A.B. asks: 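Input: one structure, supplied below.
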Amino acid sequence: MSKKLNIGLFGFGVVGQGLYDIVKTKNLNIEIKKIAIKNPDKKRSLPAEIFTTDRDDILNNPEINTVVELINDTEAAFEIVSRALSSGKNVVSASKKMIATYLNELIELQHEHGTSLLYEGSVCGSIPIIRNLEEYYDNELLHSISGIFNGSSNYILSKGFLEGLDYDSALKQAQDLGFAETDPTMDVGGYDAKYKLIIAAAHAYGVVVNPEQVINVGIQNLSANDIQYAREKNLKIKLVPVAKELDDRHVTLFVLPKFVNDTEFLYNVEYEYNGVTVQAAFADQQFFFGKGAGGHPTGSAVLSDIAALRYDYQYEYKKAKSVKDLRFTNNVDLNIYLSYQDESLVDELGFEHIHERFYSGNYKFVTGKINLQKLIEKQHRISESKAFVAFADQLTGVSLAPVKQAAEVF
Ligand code: HSE
């Protein structure tokens, strides 16, 4: 028999309202008792009595046994979720930055208080990837997980590639449709995708990585020349987070724009859709596809977590507890494409091998092999000189290779 859930909801934005719409249509023995909001003056679609601006109305209410946290403020979200977990309430959250930043602490709090935190909606909206990584792939060796984890940047890329729409107009549309973060740099700069990657990697590999250690390069410096180059080669450019097991001891994570060809599942993932490609040892390649942003798609994942809490479902973080000593590293060689204006950048980056170099008018690019650590060191230079970098395994025919005798493992 499932237990009755009395919910205190934090946040009534796009996802909070989406969740409310869905809950109304179901008979799941759950009730939303109170909704905490920041701005009491905003016009709301529900009677005023359900709202409060005092978080204690939820956190100190013994009748509320479940907290659903869907707010925008990372520090406030962590405080709310910590207090709820510490006081015996189970929690569902979709705050990817908060979860990726405080994952170790959140795991510890659940362990200490015997409470459960679920966050399917935080990674790729409607796609059920976390519970699959946690449960279904429990005994499967995962070679890699990659995908399109950010709907807004994918929307901008699709609008540019398929419709020729300029960057600013496409971003404005993504904002109007409610996909984009309050600070769109989170989306277009690859931060949002990175937080999601870190959460997915914890369930895929049992490694909890500090976001500051993982490179994220976005699509802000993508130029018409880069798009044209991709088109001529029948490629598309997507913003792709990658987690890859390099050998028995090392896993690497990075978020870079990537050239994809038409044999890759991600090639046909357009607009706000997300996709996750899992490369497994025995199941081989599998692909998950669905809407990665928006109130109802993300609300559906949040509801699935709420429903699981009726049966006291918890993530066990089994892979983190396993004996396998897998560590995160940036010591890996990648093939990249770099289009640039500042000639000295190429020397500074110290390519280990240059595959192709091209100059024509103001379009200059180079493709070649570079160590990821070197790219991280020069990330600031790359962004300030408005250069565009992409992961280019498709251009050289050589894929990601671990560095032999990894001296430094982070
Ligand atoms: N800004 C995010 C995106 C929302 O565009 O994917 C969903 O996490």
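All values reported here derive from a predicted model rather than from experimental measurement. Atoms within each ligand, like the ligands themselves, are counted from 1 in listed order.
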A.B. asks: Taking heavy atoms and a distance under 4.0 Å, where does Asp187 meet ligand 1: side chain, backbone, both or neither?
C.D. replies: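 The answer is the side chain of Asp187.
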
A.B. asks: Is it true that Glu272 lies under 4.0 Å from ligand 1, counting heavy atoms only?
C.D. replies: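 Judged by the 4.0 Å heavy-atom criterion, Glu272 does not count as contacting ligand 1.
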
A.B. asks: For the ring-ring contact (aromatic ring centres under 6.0 Å, His included) test, which of Phe287, Phe289, Phe288 pairs with Phe265?
C.D. replies: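 When Phe287, Phe289, Phe288 are each tested with Phe265, the ring-ring contact (aromatic ring centres under 6.0 Å, His included) holds only for Phe287.
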
A.B. asks: What residue pairs, at least two apart or across chains, pass salt bridge (charged side-chain N to carboxylate O under 4.0 Å, His left out) with a residue in residues 102-130?
C.D. replies: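 Every candidate salt bridge (charged side-chain N to carboxylate O under 4.0 Å, His left out) pair involving residues 102-130 fails, so no pair, neighbours aside, qualifies.
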
A.B. asks: Just to verify, which of Phe358, Phe388, Tyr337 counts as forming a ring-ring contact (aromatic ring centres under 6.0 Å, His included) with Tyr229?
C.D. replies: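 Between Tyr229 and the candidates, ring-ring contact (aromatic ring centres under 6.0 Å, His included) is satisfied uniquely by Tyr337.
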
A.B. asks: Begin with the C-alpha distance, continue with both residues' side-chain angles, and end with the deciding distance and a verdict on side chain to side chain donor-acceptor pair (under 3.5 Å) for Asn6 and Lys4.
C.D. replies: CA-CA 7 Å; Asn6 290 322; Lys4 165 102 196 284; 3.1 Å; yes

A.B. asks: Heavy-atom contact check, 4.0 Å cutoff: does Met186 meet ligand 1?
C.D. replies: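 In this structure, Met186 fails to qualify as a contact of ligand 1 - no heavy atom is under 4.0 Å.
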
A.B. asks: Considering only protein heavy atoms, which is closest to atom 5 (O) of ligand 1, and at what distance to one decimal place?
C.D. replies: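 The answer is Ser152 OG, 2.6 Å.
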
A.B. asks: Nearest protein heavy atom to atom 2 (C) of ligand 1, by residue and atom, and its distance?
C.D. replies: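 Ranked first by proximity to atom 2 (C) of ligand 1 is Glu181 OE2, 3.2 Å.
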
A.B. asks: Do Glu245 and Tyr205 have a side chain donor and acceptor closer than 3.5 Å?
C.D. replies: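 Tyr205 and Glu245 do not have a side-chain donor-acceptor pair below 3.5 Å.
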
A.B. asks: Does NZ or CZ of Arg131 lie under 6.0 Å from the centre of the six-membered ring of Tyr313, at an angle within 45° of the ring axis?
C.D. replies: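 Yes, a cation-pi geometry holds between Arg131 and Tyr313.
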
A.B. asks: Does Gly125 have a heavy atom less than 4.0 Å from any atom of ligand 1?
C.D. replies: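 Under 4.0 Å: no for Gly125.
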
A.B. asks: What residue and atom, counting heavy atoms only, is the protein's closest point to atom 8 (O) of ligand 1, and at what distance?
C.D. replies: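 Scanning the protein heavy atoms, the shortest distance from atom 8 (O) of ligand 1 goes to Lys96 NZ, 2.6 Å.
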
A.B. asks: Check this for me - ligand 1, Phe179, N or O atoms closer than 3.5 angstrom, yes or no?
C.D. replies: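 For ligand 1, there is an N or O atom that lies under 3.5 Å from one belonging to Phe179.
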
A.B. asks: Check whether the side chains of Gln286 and Tyr136 place a donor and an acceptor atom closer than 3.5 Å, and report yes or no.
C.D. replies: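 Distance-only check fails for Gln286 and Tyr136.
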
A.B. asks: Any nitrogen or oxygen of Gly151, side chain or backbone, less than 3.5 Å from one on ligand 1?
C.D. replies: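 Such a contact does occur with ligand 1.
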
A.B. asks: Within ligand 1, which atoms have a heavy atom of Gly292 less than 4.0 Å away?
C.D. replies: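 Reading through ligand 1 atom by atom, the close ones are 7 (C).
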
